[in-house]
S.K.: 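Got a structure here, written out as structure tokens. Questions coming.
Order of appearance sets the numbers: ligands from 1, and atoms from 1 within every ligand. The first residue of the sequence shown is numbered 1, and numbering continues consecutively from there.
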Amino acid sequence: MSDPTSRREFVKAAGAAAIAASLFPDDLWAQRPTRRRYAIVGTGDRGSGMWGRDLVQRYPDALEVVGLCDINPKRTIAARNYIGVSCPTFTSIDEMLDTAKPDLLMVTTVDGFHHEYIIKGLDRGLDVMTEKPMTTDEAKCQAVLDAEKRNNRKIAVTFNYRYAPAHQTIKEVLLANEIGKIVSVDFSWYLDVVHGADYFRRWHRLRRNSGSLLVHKATHHFDLMNWWLGADPVEVQGGGTLQVYGRNGTISGENCRNCAHTHDCRFYYDMTRDKRRMDLYAACEDADHYYRDGCVFREDIDIFDNMQAIVRYSNGATMSYSLNAFMPYEGYRVAFNGEKGRLDVRSYERQPWNAPATHEIYLTKSFGKRTAVPVPKLLAGHGGGDDRLRDLIFKKTDMPDYMRLPDSRAGAMSCLTGIAIRNSIDQKKPIRIADLVTL
Ligand SMILES: NC(=O)c1ccc[n+]([C@@H]2O[C@H](COP(=O)([O-])OP(=O)(O)OC[C@H]3O[C@@H](n4cnc5c(N)ncnc54)[C@H](O)[C@@H]3O)[C@@H](O)[C@H]2O)c1
């Protein structure tokens, strides 16, 4: 294909075998309207929204919510009201699994606890879906992989970013071999002072909860890259510091609603204007003392706000990666440097100027011309990724084989990249992925 001008041509070149989502095996699907008995552990924003209320409203024939579990009993009740169901609520996963008897478990807790619930679900023979990152350190990762093996079951890691149409387009251009062998990649992700700062307000600010943004956030980016390249990470070397948030602040408090600096803090956030957050978090604070509007300058913050890494892949390519959480704009830039040309991508998510489009993708052939690659319109919910992922699982929509549900291997390879970079920063040396877990 020498002069691609339409997305359809890329798709044709990439091949398209329809697949079914493994969470609804054909025999089970054929029994519909038998609904899957579905339970959620972790009933915060994601559990009650994307994997709660939205599912109940979009796929009433596919599932029945039979139990909700969270360490905060008030939040499970708030979530149940929001989801609009009448199932029992629990603070113990064992009790929920014993009494509600789900056959499909969704894990949407704080990242550092994902492994506990994935393993409990697998050990009881359930199908398990987990939000990203699959887990936060190498020992927990090994435990998840071992549990999957001993139970001969499969988990799905819900990497919604893969399902954004623009990201599928990038995959298809690369599959069509338009730029030949990929030698290197330049990848920079920008989190702005709104979204980026929000991680420093919440539980994510502590490594023990999130594994740092190299794991919590960058697992999306590393999964995209592993998938785009069709390769595994082999070795990483990283750098990272905390330059703006945490102890860098000259003023600080506990949380914005109880702070003396509401007028002089540029990061002041008024949560009282968001009813859903007031219901889900503020109204439940006395049960766990979790403050959704925590100060971004707290002393205990132990994650980085700017990170860099070099990653070497199994296909010989290298990536230079950076993630910054205090940028004046939100989006990313990625460029694939191939033997026969270069693919440049710029994503505009939020910026103080009028951006030309949500994504710009250009294919430039060496000794040739530059072609704009048509990008499907950006849709709501992580660029359209949320709905397309849910439709794949709960409607069994046909998608090409390269859009199949990400499994534990994808979950492991992406979170291990971030874990290895974090270890590399701590230990001041390159880290090999193969030294972290046995697959
Ligand atoms: N794919 C995406 O785009 C995306 C977007 C946002 C969040 N997420 C993921 O979803 C998950 C939830 O994030 P959120 O934004 O909903 O956070 P949240 O703080 O709103 O919810 C987390 C919930 O977990 C509960 N919890 C904490 N420790 C627990 C434990 N030990 N056992 C049971 N419950 C526990 C908390 O009480 C809270 O209700 C995270 O893993 C996050 O990485 C993914």
Side-chain angles (χ1 to χ4, degrees), residues 39-54 67-80 82-83 89-97 105-121 129-136 140 156-164 167 191 195 198-199 201-206 208-221 223-224 271 274 276-277 279-294 349 380-390 406 411 414-415 418:
I40 303 168
V41 57
T43 58
D45 181 61
R46 207 69 180 158
S48 63
M50 163 90 181
W51 299 109
R53 178 176 157 131
D54 296 358
L68 300 173
C69 178
D70 197 288
I71 46 166
N72 186 322
K74 289 192 165 178
R75 195 168 296 122
T76 51
I77 307 271
R80 184 172 65 181
Y82 183 73
I83 297 172
T89 60
F90 303 87
T91 51
S92 150
I93 183 88
D94 290 318
E95 199 187 330
M96 177 168 84
L97 299 182
L105 178 67
M106 180 73 213
V107 180
T108 43
T109 65
V110 163
D111 306 343
F113 303 98
H114 285 182
H115 68 295
E116 269 182 37
Y117 298 113
I118 296 171
I119 294 169
K120 278 195 188 280
M129 301 195 293
T130 179
E131 259 296 358
K132 48 53 58 174
M134 189 170 85
T135 188
T136 52
K140 294 173 181 175
V157 185
T158 53
F159 282 119
N160 47 341
Y161 279 31
R162 285 194 193 189
Y163 297 88
H167 295 160
L191 295 169
H195 184 198
D198 219 29
Y199 293 114
R201 290 193 176 101
R202 297 178 282 162
W203 50 263
H204 314 65
R205 75 184 189 284
L206 301 176
R208 67 165 190 271
N209 288 333
S210 65
S212 81
L213 292 180
L214 284 164
V215 178
H216 172 82
K217 187 68 192 170
T219 191
H220 273 308
H221 314 153
D223 177 65
L224 283 175
M271 188 170 106
D274 187 328
R276 171 148 152 77
R277 287 190 178 165
D279 291 348
L280 201 57
Y281 304 106
C284 309
E285 276 167 3
D286 57 325
D288 62 1
H289 305 289
Y290 170 53
Y291 301 100
R292 175 65 182 75
D293 59 347
E349 284 195 37
H382 295 101
D386 288 352
D387 282 345
R388 296 182 74 231
L389 170 62
R390 285 185 299 212
S414 55
C415 73

S.K.: Between the side chains of T76 and T43, is a donor N or O closer than 3.5 angstrom to an acceptor N or O?
M.R.: no

S.K.: Any heavy-atom pair between the side chains of Y117 and T109 that's under 4.5 Å?
M.R.: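 In contact.
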
S.K.: Quick one: nearest non-hydrogen protein atom to atom 11 (C) of ligand 1, plus distance?
M.R.: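 In this structure, atom 11 (C) of ligand 1 has T109 O, 3.5 Å as its nearest protein heavy atom.
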
S.K.: Can you name the atoms of ligand 1, numbered from 1 with element, that are less than 4.0 Å from a heavy atom of G44?
M.R.: 16 (O), 20 (O), 21 (O), 23 (C), 39 (O)

S.K.: What heavy-atom pair brings L97 and K120 nearest, and what distance separates the two atoms?
M.R.: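 So the minimum-distance heavy-atom pair works out to CD1-O, 4.3 Å.
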
S.K.: Who's closest to atom 37 (O) of ligand 1 heavy-atom-wise, of N72, D70, D386?
M.R.: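 Result: the heavy atom closest to atom 37 (O) of ligand 1 is in D70.
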
S.K.: Go through ligand 1 atom by atom and flag the ones less than 4.0 Å from a non-hydrogen atom of N160.
M.R.: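 Per the distance check, 1 (N), 2 (C), 3 (O).
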
S.K.: Yes or no: does H220 have any heavy atom under 4.0 Å from an atom of ligand 1?
M.R.: yes

S.K.: Classify the ring geometry of Y161 against H167: parallel below 30°, tilted from 30° to 60°, perpendicular beyond 60°.
M.R.: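 Rings of Y161 and H167: tilted, as their planes differ by 30° to 60°.
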
S.K.: Enumerate the atoms of ligand 1 whose separation from the nearest heavy atom of R75 is less than 4.0 angstrom.
M.R.: 36 (C), 37 (O), 38 (C), 39 (O)

S.K.: Output all residues satisfying side chain to side chain contact (heavy atoms under 4.5 Å, CB included) with E349, sequence neighbours left out; order by chain, then residue number.
M.R.: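 Listed in chain order: W189, E330, S347.
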
S.K.: So that I can tick it off, tell me whether K132 and D223 are bridged by a salt bridge, with the cut-off set at under 4.0 angstrom between side-chain N and carboxylate O.
M.R.: no

S.K.: Can you tell whether the side chains of R201 and D198 come within less than 4.0 Å, N to carboxylate O?
M.R.: yes

S.K.: Can you check which of T43, D111, I71, T108 brings a heavy atom nearest to atom 22 (C) of ligand 1?
M.R.: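 Among T43, D111, I71, T108, the closest heavy atom to atom 22 (C) of ligand 1 belongs to T108.
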
S.K.: List ligand 1 atoms under 4.0 Å from Y281, heavy atoms only on the residue side.
M.R.: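 Heavy-atom distances to Y281 below 4.0 Å select 18 (P), 20 (O).
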
S.K.: Who's closest to atom 43 (O) of ligand 1 heavy-atom-wise, of M134, K132, R277?
M.R.: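 Closest candidate by heavy-atom distance is K132.
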
S.K.: Considering R202, M50, E131, which one's heavy-atom position lies nearest to atom 10 (O) of ligand 1?
M.R.: E131

S.K.: Of the protein's non-hydrogen atoms, which lies at the shortest distance from atom 6 (C) of ligand 1, and what is that distance?
M.R.: R46 CD, 3.6 Å

S.K.: Polar contacts were defined as any N/O atom of the residue lying under 3.5 Å from an N/O atom of the ligand; does this apply to T158 and ligand 1?
M.R.: no

S.K.: Give the numbers and elements of all ligand 1 atoms closer than 4.0 Å to a heavy atom of H216.
M.R.: 42 (C), 43 (O)

S.K.: Of the backbone atoms (N, CA, C, O) and the side-chain heavy atoms from C-beta on, which set of V110 has a member under 4.0 Å from an atom of ligand 1: side chain, backbone, both, or neither?
M.R.: both

S.K.: Below 4.0 angstrom, N of the basic side chain to O of the carboxylate: do D45 and R75 qualify?
M.R.: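 So D45 does not pair with R75 through a salt bridge.
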
S.K.: Does the pair D70/R80 count as a salt bridge with the N-to-O cut at 4.0 Å?
M.R.: no

S.K.: Using a strict cut-off of 4.0 Å, indicate which atoms of ligand 1 neighbour a heavy atom of Y117.
M.R.: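 Heavy-atom distances to Y117 below 4.0 Å select 30 (C), 31 (N), 32 (N), 33 (C).
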
S.K.: Between H114 and ligand 1, which part of the residue brings a heavy atom under 4.0 Å of the ligand: side chain, backbone, both or neither?
M.R.: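 The side chain, only.
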
S.K.: By side chain to side chain contact (heavy atoms under 4.5 Å, CB included), which residues pair with R205, not counting sequence neighbours?
M.R.: R298, D300, I301

